[in-house]
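Below: one structure, written as structure tokens.
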2 protein chains.
Amino acid sequence: MPKKNYSDLQVSFGAHLQKIRLSKGLSLRALATRCDLDDSKISKIENGKLNVQLSTIVELAKGLDINPKDLLDFG
Amino acid sequence: MPKKNYSDLQVSFGAHLQKIRLSKGLSLRALATRCDLDDSKISKIENGKLNVQLSTIVELAKGLDINPKDLLDFG
DNA sequence: AATATTGCGGACTTAAACGACCGCATTTTG
DNA sequence: CAAAATGCGGTCGTTTAAGTCCGCAATATT
């Protein structure tokens with residue numbers, strides 16, 4: 001099964017996002033209700049499948065109650 | 001002429017980007033050669049016309065020789 | 001055991017970012 | 001003045017994120 005070539009960047013961002021979400025004890029659906037995002041989309045982001053836009057980064061930060069720049073705080 | 005409705009977010013991001021670029025004494029074309037971006041695109045971003053993707057943010061940061069998170073350091 | 005929650009991924013449409021150009025009016029510089 | 005640099009905006013085709021909804025397997029809850 002040809003796994004698609006997700007960029008390291010997306011994968012790193014996703015992993016970082018997931019770590020923050022879990023540290024807040026939020027499920028995908030719980031986070032989704034806190035911002036204007038669908039839980040399936042957040043799942044895809046966490047798995048490095050999307051090259052998110054600025055507006056999405058800010059939405060995620062809103063739902064996580066953190067500063068958007070903290071979402072870029074990864075390797 | 002119906003000026004398009006660019007989001008505050010994009011405008012803020014663009015203004016911040018421009019400030020950083022100018023503080024480094026770089027022209028649009030100079031910055032463009034330092035990263036994999038077209039100067040016209042950077043212009044559009046600075047003028048709040050684009051909802052940039054994560055990869056673009058990182059490219060800009062690379063060209064500016066700063067941390068990507070610093071690009072989100074605005075109001 | 002029955003039910004609910006969770007993570008995940010597929011399907012689909014629409015809007016928009018991307019990428020690569022080009023051209024021009026206005027500075028700046030040689 | 002002439003030539004270069006600069007900022008900016010437009011076009012066009014291609015790609016893809018966004019948005020929405022559905023369904024399922026696995027785990028957790030009661």
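Lettering of chains follows the sequences in order, A, B, ..., and the numbering in each one begins at 1.
- When each of B:V52 and A:S43 is assigned the nucleotide of DNA chain C bearing its nearest heavy atom, the one mapping closer to the 5' terminus is A:S43.
- For B:S40 against C:dC22, no side-chain N or O and base N or O form a donor-acceptor pair under 3.5 Å.
- Within a 6.0 Å radius of NZ in A:K19, no more than 12 heavy atoms belonging to other residues, nucleotides or ligands are found.
- Using a 4.5 Å heavy-atom threshold, the side chains of B:L72 and A:V58 count as separate.
- One can place CZ of A:F13 at 13 Å from P of D:dA17, the figure rounded to the nearest angstrom.
- For the pair B:D38 and B:L50, both in contact range of DNA chain C, the more 5′-proximal nearest nucleotide belongs to B:L50.
- Here D:dA17 presents its C1' atom at 15 Å from CG of A:D36, a figure rounded to the nearest Å.
- Regarding contacts with the backbone of C:dT6, every side-chain N or O of A:R21 stays at 4.0 angstrom or more from both OP1 and OP2.
- Under 3.5 Å, the side chain of A:K44 and the base of C:dG7 form no donor-acceptor pair of N or O atoms.
- Rounded to whole Å, the distance from CG on B:D39 to P on C:dC24 is 16 Å.
- Rounded to a whole Å, the CZ atom of A:R29 is 14 Å from the P atom of D:dC24.
- Using the six-membered ring where Trp is involved, A:F74 and A:F13 have ring planes that are perpendicular, over 60° apart on the 30 and 60° scheme.
- Place A:L37 and B:L26 on DNA chain D by their nearest nucleotides, and B:L26 ends up nearer the 5' end.
- At least one side-chain heavy atom of B:E46 sits under 4.5 Å from a side-chain heavy atom of B:I42.
- The base of C:dG9 lies outside donor-acceptor range of the side chain of A:K41, with no N or O pair under 3.5 Å.
- Rounded to whole Å, the distance from CD1 on A:I42 to C1' on C:dG9 is 15 Å.
- For A:N51, taking side-chain heavy atoms from C-beta onward, the closest of the listed nucleotides D:dA17, C:dA17, C:dG9 is D:dA17.
- For the pair A:L31 CG and C:dT6 P, the computed distance is 12 Å after rounding to whole Å.
- Residue-level contact check: A:T56 touches the backbone only, with heavy atoms under 4.0 Å from sugar-phosphate atoms and none from bases.
- Of the side-chain N and O atoms in B:N47, one or more sit less than 4.0 angstrom from OP1 or OP2 of D:dC8.
- Between A:Q53 and C:dA16 there is no side-chain N or O to OP1 or OP2 distance below 4.0 Å.
- For B:L54 and D:dA18, the CG to P distance is 10 Å, given to the nearest whole Å.
- Atom CD of B:Q18 is separated from atom C1' of D:dC8 by 11 Å (rounded to the nearest Å).
- Within a 6.0 Å radius of CG in B:D73, more than 12 heavy atoms belonging to other residues, nucleotides or ligands are found.
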